[in-house]
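Below: one structure, written as structure tokens.
Atom set for the values below is all heavy atoms of this structure, side chains included, hydrogens, waters and symmetry mates excluded.
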Amino acid sequence: MMNTLNTEKSAEKPFRKTGNPVELTSESPLHPRRKSHRIMVGSVPVGGGAPISVQSMTNTLTANVPATLQQIAELTAAGCDIVRVAVPSQDDADALPEICRKSPVPIIADIHFQSKYVFQAIDAGCAAVRVNPGNIRKFNEVGPSICKAATDAGISLRIGVNAGSLDKDLYAKYGGPTPEALVASALKEAHMFEDVGFHDFKISVKHHDVITMVETYRLLASKGEWPLHLGVTEAGPAWQGTIKSCLAFGALLAEGIGDTIRVSLSAPPVEEVKVGCKLLEYMGLRPRKFDIISCPSCGRAQVDVIQLASAVTEGLKDVTAPIRVAVMGCIVNGPGEAREADLGVASGNGKGQIFIKGKVIETVPEDQIVDTLLTKAQEIAAQMEADGLVPVNATGPVVVPIQHPNR
């Protein structure tokens, strides 16, 4: 009986072909979104079923307005929805009005220690302010004024705790930055705001350990309907941090938990955005954009798959049309995978079969595979642009340079 019910339930849900564009990007194909109330960060909605937004943070001196605006432009071009800037000094605070005025996306001011900068950021036109009640001096005294200023300006706040800034009393009580300790700290901060009637805030409870981070967000999600900002703090260098973030975010997003994300990497900020956008895309939470699939190198491959995939990816790095290109190295899985793509090649015996929409259109010598794929991809992309099928702010593929071992 159970198997019959499961079969019937599965039959109700249509097959989702891998790579199909998704029209509704607020709901995961894996699990309904957790219920949360909605706040606004400028023009970007967060929570309440809104599409999950991608954030990053500039690493320039905020006081250097040209450099900061240049980086904000690069982040925006990569698909970033919201950008945070650090405000540790008066010079940084003084730069905020111009940055907010010229930025193409909402700006969040990141404030620690000095509450006066919070008020300056609000006056400057920031879309939101990140405040850490645990390190704002005399927060019990200034907190209500911050909430009133934010309310009057119609902006939101972000509060939360990192494992490294946990209150000493809670650290002692729980024996370290455990999920229970982090959530207790977050609830304490949330109640500070709610006690004065302020509800336009989101919460983050970051930790560098994937398991602890996931358990913490699960626990916090069960305590209320605040919108949640997901992050693995101090995730590490690009390779390590990407793995950590994808594991943690993937687990939570698959359960419907999370309303906005920031991938924290010891890498250029634009790399954070690329990872975040692709993560949401592969989770079915953003429309499919340009994508390259390629098989792993193995003993069956009759071409240098690593170099072939790298050359095709590099050659198409500026293509933004949402097409899928398959670069396959042998005849075992190659033809099937190539047929699933918009454009593909199945290589072997010194030649490559070129597929478009599942049909072989020509067979070319191995030394012509790359040029043929690039030409056909550009033709498909141009036609999609002419047909109005390229999304606004579409981005190209994530390009990871691959160095040939013999070079």
How about W226 and K202: do any of their side-chain heavy atoms sit closer than 4.5 Å? no
Polar contact flag, side-chain donor to acceptor under 3.5 angstrom, T68-T58: no
side-chain contact (heavy atoms from CB on, under 4.5 Å), that's the test. Do I108 and I82 meet it? Break it down for me. CA-CA 7 Å; I108 297 178; I82 301 167; 3.5 Å; yes
Please answer whether the main-chain N or O of P104 pairs with a side-chain N or O of T76 as donor and acceptor at a distance below 3.5 Å. no
Side chain of T216, backbone of T212: donor and acceptor closer than 3.5 Å? yes
Tell me every residue that passes side chain to side chain donor-acceptor pair (under 3.5 Å) with T233, counting only those two or more places apart in sequence or in another chain. none
With K102, which residues qualify under salt bridge (Lys or Arg N to Asp or Glu O under 4.0 Å), at least two apart? E98
Tell me whether S156 contacts the main-chain N or O of I39 through its side chain, where contact means a donor paired with an acceptor under 3.5 Å. no
Under 3.5 Å, is there a donor-acceptor pair linking the side chains of E74 and Q70? yes
Quick check: do V85 and L96 have side-chain heavy atoms less than 4.5 Å from each other? yes
Sorted by chain and number, sequence neighbours left out, side chain to side chain donor-acceptor pair (under 3.5 Å) with S245 holds for none
If the condition is ring pair (Phe, Tyr, Trp, His ring centres under 6.0 Å), which residues does F139 pass it with, not counting sequence neighbours? F193
Check: S56 side chain, V273 main-chain N or O, donor-acceptor pair, under 3.5 Å: no
Salt bridge (Lys or Arg N to Asp or Glu O under 4.0 Å) contacts in which one or both residues fall within residues 210-234, not counting sequence neighbours: R218-E255
Are any non-hydrogen side-chain atoms of I369 and L308 less than 4.5 angstrom apart? yes
Name all pairs fulfilling the salt bridge (Lys or Arg N to Asp or Glu O under 4.0 Å) condition that reach into residues 108-135, sequence neighbours left out, sorted by first residue then second. R84-D110, D110-R130
Between N162 and H207, is there a side-chain heavy-atom distance shorter than 4.5 Å? no
Side-chain (S310) to main-chain (I306) donor-acceptor, under 3.5 angstrom: no
Any donor-acceptor pair under 3.5 Å from Y217 side chain to V205 backbone: yes
Quick one about Q55 and D81 (side-chain donor to acceptor, distance below 3.5 Å, no hydrogens or angles considered), yes or no? no
In terms of heavy-atom contacts, does CG of L61 have more than 12 from other residues, nucleotides or ligands at under 6.0 Å? no
Hey, are the side chains of S53 and V46 touching, using non-hydrogen atoms and a 4.5 Å cut-off? yes
For salt bridge (Lys or Arg N to Asp or Glu O under 4.0 Å), just list the numbers for D259 and R33, CA-CA rounded to whole Å, side-chain angles, deciding distance to a tenth of an Å, and then say yes or no. CA-CA 9 Å; D259 300 291; R33 288 278 294 281; 2.9 Å; yes
Which pairs pass salt bridge (Lys or Arg N to Asp or Glu O under 4.0 Å) with one or both residues in residues 187-199, sequence neighbours excluded? none
Using a 3.5 Å distance criterion without hydrogens, assess whether the side chain of H37 forms a donor-acceptor pair with backbone atoms of H199. yes
Is the shortest side-chain heavy-atom distance between D209 and K244 below 4.5 Å? no
Among all residues two or more places apart in sequence or in another chain, which pass the salt bridge (Lys or Arg N to Asp or Glu O under 4.0 Å) test with D152? K148
Could I get the full list of salt bridge (Lys or Arg N to Asp or Glu O under 4.0 Å) partners for R262, not counting sequence neighbours? E272
Who are the salt bridge (Lys or Arg N to Asp or Glu O under 4.0 Å) partners of D167, not counting sequence neighbours? none
Taking K206 for the side chain and M213 for the main chain, is one N or O donor matched with an acceptor at less than 3.5 Å? no
If only atom types and distance count, is the side chain of S103 paired as donor or acceptor with the main-chain N or O of V105 below 3.5 Å? yes
Answer yes or no: is there a side-chain heavy-atom contact under 4.5 Å between I354 and T363? no
Is atom CD1 of I361 surrounded by more than 12 heavy atoms (other residues, nucleotides or ligands) closer than 6.0 Å? yes
List in chain and number order the residues that pass ring pair (Phe, Tyr, Trp, His ring centres under 6.0 Å) with Y117, two or more places apart in sequence or in another chain; answer none if no residue qualifies. none
Check whether R158 reaches the backbone of N132 with its side chain - one donor and one acceptor, N or O, closer than 3.5 Å. no
So, using ring pair (Phe, Tyr, Trp, His ring centres under 6.0 Å) as the criterion, who are the partners of F119 when residues are at least two apart? none
